[in-house]
Amino acid sequence: MKIAEVSTPEFRPSHHHESEPHSRILAQVDSSIKQLEFRSSSAISLPEIYSELQRFLTQLKDLSPFPNSVNLHIWKLSYRLWNACVDLSNVDAIGGCRFSEDHAKLRQVSADLLFLAAEVTGIPSPAFKSASFYYKTGLIWHDLKKFDLANACFEKATDLISKIEINSISENDERKLLLDLNLARSRSAWEVSDRNLSITLLNRSKNVLFGISENYKALASQFLMYGKMILSKNEASGLNDALKLMNEALELCNKGLKIVKRAGETLTLKELRAKTLRFIAAVHLQRDEFESVLKCVRVLRDAGGEQHPSLSVLAMKAWLGLARYGEAEKELRGMVMNEEIPEAVWVSAVESYFQAAGTAGAETAKGLFLGLLGRCHVSASAAVRVVNRVLGDIGGGTGEAAKVRAKVVAELASNERVVALFAGEAVAKERNVMHALLWNCAAEYFRSKDYQMSAELFEKSMLYVPYDLENRILRAKGFRVLCLCHLGLLQLDRAQEYINEAEKLEPNVASAFLKFKIFLQQKDYNNAITQVQAMSSCLDFTPDFLSLSAHEAVASCSLPVAVASLSNLLNFYSSGKPLQTKEVIIFRTLITILTREEGNNSDILKYMRRAHARVNDVGSECFFGKGEVGKRERNWFAVNAWNLGVKMGKQKSYKLSAQFFTSASEFYSIILDGEAEEYNVMVCKSLILSVSAIIADEKQTMSTLADNEVKQAIELVERAGKILARISASTAIFDDQATTIDPNFHFMYTWSAYDLYARQSDMGQKQLLLIKSFAASKSCNPKHLLQIGHDASQGPRCNPEVAAFALNTCLAAILSSASPDYQEVALVLRKLISVSTIFKEDKDEDSVMELYRRAYRIMVGLREGEYPVEEAKWLSMTAWNRAAIPVRLGHIEAAKKWMSIGLELAKKVEGMQTYRSCMEDFIANYDKKSHNEHGNAAEKNRSILVS
């Protein structure tokens with residue numbers, strides 16, 4: 001019955017009625033409802049109308065209760081408002097909009113108006129009608145996720161009909177409302193996590209089923225829904241609760257089937273029962289209750305009818321859980337034969353089977369999938385899923401089990417029918433995924449150095465790269481990585497073929513580098529060096545490839561190639577391009593490589609000089625670095641130059657030795673971070689050794705230094721002399737042992753400077769001053785002076801003055817010692833006599849005589865044999881022999897002097913007795929003869945005078 005059909009007196013308020021407050025309010029309510037009835041939702045403000053109606057409702061509540069006629073009027077207004085809301089909702093639904101809060105609020109006002117009017121005479125079941133409004137409004141609030149408001153509506157509806165005796169309810173709609181209210185309250189309680197209340201309301205709903213199968217189905221569906229929601233959370237603790245709820249649903253289905261009368265209702269209940277059993281089986285599967293799963297499957301299969309595809313999956317997983325792989329495989333093969341089973345279900349089953357059976361199931365999975373291909377159309381995505389499952393976790397290792405799976409995948413991916421699935425643009429995404437799966441698996445084997453398996457998988461991945469312009473770069477990448485695999489397998493010819501194909505598709509530096517690696521493996525160093533230069537001309541070239549080339553060359557002991565790579569890399573530093581590796585490291589690496597083999601000394605020197613030139617160009621701190629790092633780098637170059645200079649000196653390669661020592665002095669001269677001149681000693685030593693090596697090379701090659709070479713060598717030695725003077729001064733003042741220099745170096749400096757000064761005119765006095773300065777230093781010792789005296793006394797550039805000074809100073813130094821070495825004394829005396837004899841003038845005869853007398857004075861007082869006998873004999877004999885010329889010339893006095901000193905010396909020598917007797921006899925005879933000759937000469941003179 002409609003509200004409009006209720007027979008009531010015409011409601012025409014008189015002036016008296018118009019003066020009543022409720023009449024005015026109802027008129028205002030009517031006016032607001034008319035706005036909703038005659039305007040679209042876009043042309044009115046729903047919040048404003050809601051505010052007005054809510055205010056009117058509050059005013060009416062204050063004026064209640066009302067007479068029956070007023071209540072009836074309110075009922076009509078309520079229904080008009082509800083219908084207006086329905087119209088507005090339909091308009092919004094056409095535009096694709098859902099219920100808004102404003103609509104829900106207006107419906108809430110409609111329900112509240114109906115509730116305010118209470119029971120009206122003539123309207124059947126007013127409580128159910130009012131409860132229906134609240135129920136429907138609550139559903140809207142529920143959809144809007146306003147669960148507190150929804151629950152409030154449901155509770156009001158429940159309160160309205162709770163006082164009615166259930167047995168007195170005969171209308172099906174009213175009975176249905178009782179169940180729907182309980183279910184709605186249960187859902188709202190579930191949403192706010194009040195699970196206990198929710199389940200309680202479901203259990204309470206069992207009392208309002210009224211033997212209607214549809215009600216059994218609705219309640220069972222709600223129990224099942226809750227069970228599914230708990231099951232979806234994958235929480236072990238919730239499995240028992242899910243199973244209880246599903247068992248409740250199953251029991252309701254069974255009860256409903258007993259009372260059902262229509263065939264259609266029986267079918268829907270059976271479908272729900274089968275669905276519930278499947279989910280119960282799923283719960284048992286999660287609880288590892290595999291026998292219970294199989295029991296559920298048998299019940300469903302025995303029931304006949306259309307079999308759900310999941311039954312085979314459930315049965316297979318249960319058999320797998322019981323480790324009965326034969327039965328599981330039968331289920332799987334049965335699914336292949338069943339064309340009604342969707343592809344997704346079948347692929348999922350294959351995944352589960354392989355996950356449980358592991359490597360042992362790889363071949364089975366491949367065979368089944370190929371069998372499925374022959375039975376029906378299979379999508380590319382299914383192939384991707386199967387391959388992905390068979391491969392498993394790529395990061396899980398590359399052991400034997402994984403290798404078996406990889407081989408199965410390779411066979412599956414290369415099957416013509418599988419490749420055909422991925423043809424066309426429609427499956428481009430799946431094709432890319434398949435390529436990525438194969439590529440990543442191949443890369444894993446490549447990292448584990450299983451190049452055979454890696455190459456096989458990379459080749460299969462190429463099947464999923466189209467032959468078009470867009471994928472040209474990807475194909476080139478595939479050829480390059482295949483080249484790497486065959487390089488690892490030392491199959492150089494195949495590697496060459498692949499890299500040639502890659503270069504045709506995409507000529508770049510990576511391809512050039514791989515060619516370089518092939519040349520290295522083939523020991524073709526000339527082509528490898530040429531390839532290094534070819535890499536530099538590539539558009540995508542970066543200097544890092546040269547570093548990588550050098551690393552590869554060193555690893556394969558191809559040192560010339562490594563040198564060529566690093567040498568090319570150095571050119572980029574001089575161009576000013578910023579590079580990751582410091583330039584000093586490249587120089588150091590390059591020199592280290594060159595030192596590994598003999599015969600590279602000239603190249604080492606070249607790069608050391610080049611490194612020093614770069615220091616001058618960019619600055620020492622920029623080249624070497626700052627702080628201790630820079631000092632270590634500087635010292636490395638200086639020390640290596642020094643060591644190579646020493647090495648070349650030992651090998652008598654004096655020219656290279658001189659150049660290395662010069663280079664060492666240059667590096668030692670570099671001062672970093674304001675450090676003191678602590679390396680002056682090493683600079684000095686390096687310069688001295690360099691000049692010494694220059695002179696040694698001249699003597700070795702029997703050549704003569706050119707004037708410019710002499711000038712350069714003098715500059716070096718004078719620089720060393722200045723440093724040596726500073727060192728000597730510092731040592732004299734502070735006695736600093738850290739700055740002292742070895743006496744041998746001081747001597748080498750003096751000797752080298754003396755030798756070089758001798759090559760220039762007017763340098764005699766400078767030589768003498770040099771030797772005198774050295775003689776006055778602490779570094780001087782008699783042996784040094786003897787060497788200088790010896791060298792100064794001979795050769796085309798001798799200096800007798802220097803020789804005499806050096807030998808006399810040497811003799812004085814030896815004799816001043818506590819225990820003179822008379823062997824050395826004799827040697828010096830002999831050398832002095834030789835110098836004085838060779839370079840004497842007429843007036844120097846006495847100086848030579850003085851040397852013999854000095855020798856005699858030295859020998860006086862010595863023990864027998866203390867002075868070298870042979871040297872003493874030499875002195876005696878040479879002194880005696882020197883009388884020969886005066887004797888012949890008739891210089892009696894001079895002759896007698898020499899014979900006397902010879903005799904005196906002979907008397908000091910053991911074993912010269914015979915000589916001494918002869919000497920004495922000769923002197924006596926000579927004196928007699930001289931006297932007679934003198935007498936005859938005097939007599940003759942007198943005769944002449946007399947006459």
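The residues of the chain are indexed from 1 along the displayed sequence.
- The ring-ring contact (aromatic ring centres under 6.0 Å, His included) search around Trp642 returns Phe661, not counting sequence neighbours.
- Distance alone, capped at 3.5 Å, is enough to place a donor-acceptor pair between the Ser461 side chain and the Phe458 backbone.
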### Message
Using side chain to side chain contact (heavy atoms under 4.5 Å, CB included), reason through Leu566 and Leu546 one step at a time and then give a plain yes or no.
### Response
CA-CA 7 Å; Leu566 293 175; Leu546 292 176; over 6 Å; no
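- Asn643 and Asn640 share no donor-acceptor pair across their side chains, judged by distance under 3.5 Å alone.
- Remark: side-chain polar atoms of Ser454 are paired, donor with acceptor, to backbone N or O of Ala442 under 3.5 angstrom.
- Pairs engaging residues 497-509 under the side-chain hydrogen bond (donor to acceptor under 3.5 Å, both in side chains) rule: Glu459-Tyr498, Arg480-Glu506, Arg494-Tyr498, Gln496-Asn500, Glu501-Lys504, Glu503-Lys515, Asn508-Ser511 [sequence neighbours left out].
- For Phe279, there are no ring-ring contact (aromatic ring centres under 6.0 Å, His included) partners two or more places apart in sequence or in a different chain.
- Legend: residues meeting salt bridge (charged side-chain N to carboxylate O under 4.0 Å, His left out) with Lys647, ordered by chain and number and at least two apart, are Glu598.
- Taking the six-membered ring for Trp and thresholds of 30 and 60 degrees, Phe623 and Phe637 have ring planes inclined between 30 and 60 degrees apart.
- Applying the salt bridge (charged side-chain N to carboxylate O under 4.0 Å, His left out) test to Lys517 and every residue at least two apart in sequence or in another chain returns Glu552.
- Scanning for side-chain contact (heavy atoms from CB on, under 4.5 Å) contacts around Asn527 gives Phe519, Asp524, with sequence neighbours left out.
- When the ring-ring contact (aromatic ring centres under 6.0 Å, His included) test is applied to His435, the partners found at least two apart in sequence or on another chain are Trp439.
- Remark: Tyr607 pairs with no residue by the ring-ring contact (aromatic ring centres under 6.0 Å, His included) rule, at least two apart or across chains.
- Applying the salt bridge (charged side-chain N to carboxylate O under 4.0 Å, His left out) test to Arg609 and every residue at least two apart in sequence or in another chain returns nothing.
- Between Arg472 and Leu505, the shortest heavy-atom distance links the atoms CD-O, 3.1 Å.
- Listed by chain and residue number, Thr542, Gln580 satisfy the side-chain contact (heavy atoms from CB on, under 4.5 Å) test with Asp544 (two or more places apart in sequence, or in another chain).
- Looking at Arg634 and Tyr668, their side chains never bring a donor and an acceptor atom within 3.5 Å of each other.
- For Ala455, the side-chain contact (heavy atoms from CB on, under 4.5 Å) partners two or more places apart in sequence, or in a different chain, are Leu482, Cys485, His486.
- Although no hydrogens or angles enter the test, the distance criterion places a donor-acceptor pair under 3.5 Å between the side chain of Asn635 and the main chain of Lys631.
- Taking the side-chain contact (heavy atoms from CB on, under 4.5 Å) definition, one finds that Lys449 meets it with Tyr451, sequence neighbours left out.
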